[in-house]
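Each remark here refers to the structure printed beneath this line.
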Amino acid sequence: MPRRLPKKDVVIIGFGWTGAIMANELTDEGLDVIAIERGPWRDAPTDFPPTYMQDELRYRVRHELFLRPDQLTFTFRNMMSQTALPIRSWGAFMPPNGVGGGGTHWNAEMWRFLPSDFVLRTHLTERYGASFLPADMTIQDWGITYDELEPHYDRFEYLCGTSGQAGNLKGKILEGGNPFEGPRSRPYPTPPQAQPFSHTLFGKAAQELGYKPFPQPSGNLSQAYTNPLGLRLGPCTYCGFCEWFGCSNYSKASPQTTLIPYLIRKANFTARDNSEVIRINLDRSGTRATGVTFVDTSGEEWEQQADLVILSAFALFNVQLLLHSGIGKPYDPVANTGVVGRNYTHQTISTVNGFFDNRKFNFNPFIGSGSIGMCIDEFNGDNFDHGPHGFVGGGYMGQVQTGGRPIESTLVPPGTPKWGADWKKAVKDNYLSTVKPGTGVHGSFYSYRDVYLDLDPTYTDRFGRPLMRITMDLKENEIKQNKFLTDKFAEIIKAMGAEKLAVQYRKGPYDITTYQTTHVNGGAVMGTDPNTSALNRYLQSWDVPNLFVLGATAFPQNPGYNPTLTVGALAYWAAAAIRGKYLKNPGRLVDA
Amino acid sequence: MKSSNPTWFVIRRREFLAGTAMFLFGATRVRAATIAGQLPWTPNAGAPPSRAKLGPWEFFTGEEGRAMEALADCIIPPDAETPGGKDAGCAVFVDRQLAGPYGRREGLYVRPPFQAGTKSQGPQSEKGPAQHYREALAALDRGCKAKYGERPFADLPVADKDEVLRELEKGDFKLDGIDGQSFFEQVVKDVQMGFFADPIYGGNRDMVAWKMIGYPGARYNYLDWVSRHNERFPLPPVGITGSAQWTR
């Protein structure tokens with residue numbers, strides 16, 4: 001029998017971005033809140049100080065800050081006809097672990113989604129007709145509009161001190177920003193980051209080709225900033241160790257830099273680390289959560305009861321915990337019934353590396369940050385007419401010099417041997433004069449009937465529970481989209497003056513060993529119909545109304561942007577619904 | 001890490017079963033805790049890395065070490081300005097990696113059943129890197145002895161070594177019981193990784209690789225240089241343990 005802890009008002013599962021946001025909001029409401037985190041406590045001075053954090057082998061290659069697959073992993077297959085096999089070592093995406101979650105080691109790109117992204121099926125059907133969409137594509141509207149989410153986008157941007165240039169201020173298009181963005185109520189809190197040489201070349205080339213380049217919105221700050229909670233961030237030093245690494249410098253927006261030092265001082269907040277929630281408990285009716293059961297490092301089981309349960313782990317783990325807890329009907333792609341596991345997506349990524357004359361170009365590639373960069377948005381979402389092209393979706397593209405860490409960044413032109421004297425010479429000749437876009441082409445990944453999550457019949461975790469099974473492949477729509485975008489991107493890299501290009505289209509089959517961002521989304525999506533969504537528009541479980549599920553789990557499909565800003569905004573949106581509506585009258589916020 | 005220390009072993013094993021975080025690079029013990037009122041402070045929670053020890057092989061036998069050094073020098077040959085893979089310490093790097101958590105696949109998912117899958121499903125071998133290297137290096141020497149008159153790989157003339165590697169790369173040089181092509185791919189990756197990793201891990205000795213390409217190493221502040229476009233950064237590299245220049 002688990003040992004029982006004193007009951008709390010709220011238990012939060014997972015202490016990353018969304019857990020910290022929700023904890024701060026609900027403690028402000030006077031509620032007694034506990035957050036339970038699977039991984040260790042992590043912060044800059046103890047865990048990633050600038051004396052040894054700049055270690056590519058340890059953090060990038062050996063995955064120091066991430067979850068160990070031994071603790072929990074997934075099985076994977078491309079098609080339903082195959083046998084899924086375990087992901088024994090991470091590749092395609094990197095599941096976070098520990099306080100701060102993915103917010104600790106992200107690149108800090110701060111993109112808003114397009115207004116049309118939130119009403120995707122309606123928008124595309126109206127513009128192109130229903131028959132334009134592939135028959136097995138299961139994209140749907142979110143049940144929320146951009147205008148409803150805008151105040152929450154704004155709030156998260158100001159929490160983080162986001163550095164950027166507004167492109168659309170209350171409907172007025174501004175020079176130098178992204179002209180395609182939805183209207184924003186305020187400018188960014190801080191100006192854009194400085195841009196290294198290759199970025200200015202990309203901006204110039206893009207402009208000459210008729211595009212409207214703009215600086216990527218960044219959660220690595222261009223200048224010192226004090227956020228609305230009174231927490232201070234320092235200016236980014238362009239060290240080139242963002243993604244995969246923790247920031248030693250208090251320059252990257254993270255739960256540790258923007259929320260936790262404020263939250264931890266509240267008397268009605270407690271956290272537990274190194275404690276893994278293994279189940280959300282339900283009462284006999286199966287419609288009310290009574291709390292959670294978790295396991296600590298000595299293997300001891302504990303029960304934490306609470307009136308309100310917030311599930312805010314990383315997207316995949318949210319789905320897994322729902323399946324293990326028997327909450328919501330599991331998705332069945334054959335019968336096309338059920339919702340938990342449905343509409344799982346990733347990101348369609350590719351790049352073009354450009355090799356320049358080293359007598360004329362020196363890019364100092366090691367000067368970088370995760371989210372500097374010059375980008376264009378002409379080919380994202382439905383910003384262009386898809387009619388002639390026969391696919392839907394798109395993405396932003398840009399030159400984003402995230403750092404010149406040499407294990408990964410010593411590229412050689414196509415045709416060079418992979419080893420030996422010629423390889424060595426090519427590495428030496430090209431390191432400083434190669435453009436290696438960190439982001440490159442960042443395309444959407446729409447949802448399909450047979451791309452989904454369920455429980456594996458064979459493989460188990462350390463508790464003997466079934467692993468979750470990922471069935472995912474790249475579809476013709478995404479492959480066509482990527483070809484079109486990558487060709488456009490290659491034109492810009494060439495126009496920058498590159499002598500040789502290495503064009504790397506994304507091709508099928510979907511490969512679990514190749515990193516393609518950690519933007520794995522969906523599986524328990526939000527929506528207006530309980531038959532096609534696990535959550536209502538407030539991220540409240542249709543089946544268990546005192547359970548809210550935060551994170552990219554709720555995305556019905558994945559647009560061509562990085563997810564975190566929308567993830568944070570949705571957490572604020574859900575918190576506002578809990579504070580303004582749910583606490584006054586606990587129950588379903590939307591009638592099924 | 002040796003498992004002859006019973007206390008350490010018991011704790012580690014228990015954490016392996018129930019623990020939620022392990023540091024592959026240090027032996028920091030992790031325990032569940034309750035945090036309230038103030039930010040926690042655990043000295044050295046992030047486990048600063050230890051420097052690879054100089055001295056004898058930790059994983060390789062003498063024969064394996066010779067083969068590995070010969071491979072390292074073929075993959076990264078010495079030239080007038082920059083040492084080759086052997087003198088840069090790349091074989092030492094691979095040895096220390098194989099003797100450590102990487103060689104043992106610590107933290108990876110190693111539960112059965114082991115079944116062959118598609119390439120897109122990733123490696124499913126029952127063997128870890130350490131065992132794989134041991135078998136493959138033995139097979140390489142057997143193959144060379146059979147083809148080149150009882151000489152192991154390390155004793156072949158440079159031209160023959162290069163020929164063996166070119167054929168391994170193409171899949172034409174067969175290693176019995178081993179996929180030679182994918183083994184060679186792994187060796188190239190590991191040797192080059194050692195060349196470019198921080199010198200604290202045994203390769204990139206004196207930061208020779210970083211000097212060769214112009215990488216300034218483990219620095220942390222380029223604020224003065226981000227807007228100085230198309231100018232070569234003037235400072236030499238530093239590693240995690242510092243720079244030889246600092247002591248002059």
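What you see is a predicted model; the values in this text were computed from it and never measured. Numbers restart at 1 for each chain; the letters A, B, ... are given by sequence-line order, proteins then strands.
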Run A:T270 and B:I35 through side-chain contact (heavy atoms from CB on, under 4.5 Å) and show every step you take. CA-CA 6 Å; A:T270 310; B:I35 295 107; over 6 Å; no

If you apply the rule side chain to side chain donor-acceptor pair (under 3.5 Å), what do you find for B:Y201 with A:D55, and how did you get there? CA-CA 10 Å; B:Y201 298 111; A:D55 185 341; 2.3 Å; yes

List the steps and the verdict of side-chain contact (heavy atoms from CB on, under 4.5 Å) for B:T42 and A:W41. CA-CA 9 Å; B:T42 311; A:W41 199 277; over 6 Å; no

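Side-chain contact between B:P113 and A:Y459 is present, with heavy atoms from C-beta onward closer than 4.5 Å. B:F93 places a side-chain heavy atom less than 4.5 Å from the side chain of A:L57. For the pair B:H229/A:T200, a side-chain contact is recorded, criterion being any heavy-atom separation below 4.5 Å from C-beta on. Residues B:I213 and A:P406 meet the side-chain proximity criterion, which asks for heavy atoms closer than 4.5 Å. Counting only heavy atoms from C-beta outward, the side chains of A:V61 and B:M193 approach each other to under 4.5 Å. No side-chain heavy atom of A:R265 sits less than 4.5 Å from a side-chain heavy atom of B:Q38. Counting heavy atoms from C-beta on, the side chains of B:E106 and A:R68 never come closer than 4.5 Å. Side-chain atoms of A:Q54 and B:R219, non-hydrogen and from C-beta on, never get closer than 4.5 Å to each other.
The minimum heavy-atom distance between B:G214 and A:L432, with the atom names listed, is O-CD2, 3.9 Å. The minimum heavy-atom distance between A:I512 and B:G122, with the atom names listed, is CG2-N, 4.1 Å. Closest of all the heavy-atom pairs between B:W41 and A:P45 is CZ3-CB, 3.7 Å.
A donor-acceptor contact shorter than 3.5 Å is absent between the side chain of B:Q192 and the backbone of A:T410. Remark: side-chain polar atoms of B:Q121 are paired, donor with acceptor, to backbone N or O of A:T83 under 3.5 angstrom. Judged by distance alone, the side chain of A:N364 and the main-chain N or O of B:E231 form a donor-acceptor pair under 3.5 Å. A donor-acceptor pair is defined here as one N or O able to donate and one able to accept, closer than 3.5 Å; such a pair exists between the side chain of A:T297 and the backbone of B:A32. Put simply, the side chain of A:S89 never gets that close to the backbone of B:L108: no donor and acceptor are under 3.5 Å apart. A:N362 contributes no side-chain N or O that, together with a main-chain N or O of B:N230, makes up a donor-acceptor pair within less than 3.5 Å. Of the possible donor and acceptor atoms, one in the side chain of A:D273 sits under 3.5 Å from a partner among the backbone N and O of B:A33.
In this structure, B:Y215 and A:F366 have perpendicular ring planes: the angle between them is above 60°, well past the 30° mark.
When each of A:Y510, A:F48, A:F241, A:W423 is checked for heavy-atom pairs under 4.5 Å with chain B, A:W423 comes out on top. Interface remark: of the candidates A:I407, A:D511, A:L85, A:L85 forms the most heavy-atom pairs closer than 4.5 Å to chain B. Residue with the most contacts toward chain B among A:D43, A:I264, A:T458: A:I264 (heavy-atom pairs, distance under 4.5 Å). Chain A forms more heavy-atom pairs under 4.5 Å with one residue of B:F114, B:W225, B:W210 than with any other, namely B:F114. The greatest number of non-hydrogen atom pairs below 4.5 Å with chain A, out of B:P216, B:G117, B:A36, is found for B:P216. Comparing B:S227, B:S120, B:A209, B:A197 by heavy-atom pairs within less than 4.5 Å of chain A, the highest count is held by B:S120. Of the listed residues B:V191, B:L165, B:D198, B:I200, the one with more heavy-atom pairs under 4.5 angstrom with chain A than any other is B:L165. In terms of heavy-atom pairs under 4.5 angstrom with chain B, the leader among A:I372, A:D429, A:T513, A:I367 is A:I367. For the set B:D73, B:D162, B:T118, the count of heavy-atom pairs under 4.5 angstrom toward chain A peaks at B:D162. By number of non-hydrogen pairs under 4.5 angstrom with chain B, the leading residue of A:S248, A:P235, A:P417, A:G240 is A:S248. Considering only heavy-atom pairs separated by less than 4.5 Å from chain B, the leading option among A:P509, A:P261, A:P49, A:G91 is A:P261.
Of the inter-residue distances, the one linking A:K424 atom NZ with B:M212 atom CE reads 6.0 Å to the nearest 0.5 angstrom. From B:Y109, atom OH reaches atom OG1 of A:T73 across 7.5 Å, with rounding to the nearest 0.5 Å. Between A:D70 atom CG and B:R111 atom CZ the span is 6.0 Å, to the nearest 0.5 Å. Summarising the geometry, atom NZ belonging to A:K425 is positioned 12.0 Å from atom OG1 belonging to B:T82; distances are rounded to the nearest 0.5 Å. Taking CD of A:Q256 as the start and CG of B:L39 as the end, the distance is 9.5 Å to the nearest 0.5 Å. The distance from the CZ atom of B:R31 to the CG atom of A:N274 is 10.0 Å, given to the nearest 0.5 Å.
Between A:W419 and B:F184, the ring center distance clears the sub-6.0 Å criterion.
Neither the backbone nor the side chain of A:I470 comes within contact range of chain B; no heavy atom of the residue lies under 4.5 Å from a heavy atom of that chain. For chain A, the nearby part of B:P112 is the backbone; its heavy atoms alone come within less than 4.5 Å. Interface remark: A:Y52 contributes backbone and side-chain atoms alike to the contact with chain B (heavy atom separation under 4.5 Å). Contacts between A:I87 and chain B at a heavy-atom distance below 4.5 Å involve the backbone alone (N, CA, C, O). Heavy atoms of B:V188 lying under 4.5 Å from chain A belong exclusively to its side chain. At a 4.5 Å heavy-atom cutoff, the contact between A:Y431 and chain B is made by side-chain atoms alone. Looking at B:A72, neither its backbone nor its side chain comes within 4.5 Å of chain A, counting heavy atoms on both sides.
Ion pairing of A:K418 with B:E185 is absent here, as no side-chain N (NZ or NE/NH1/NH2) approaches a carboxylate O to less than 4.0 Å.
More than 12 heavy-atom neighbours from other residues, nucleotides or ligands sit within 6.0 angstrom of NZ on A:K266. Remark: B:K86 NZ is loosely packed, at most 12 non-hydrogen atoms of other residues, nucleotides or ligands lying under 6.0 Å away.
A cation-pi arrangement is present between A:R62 and B:Y102, with the terminal nitrogen or guanidinium carbon under 6.0 Å from the aromatic centre and inside a 45° cone about the axis.
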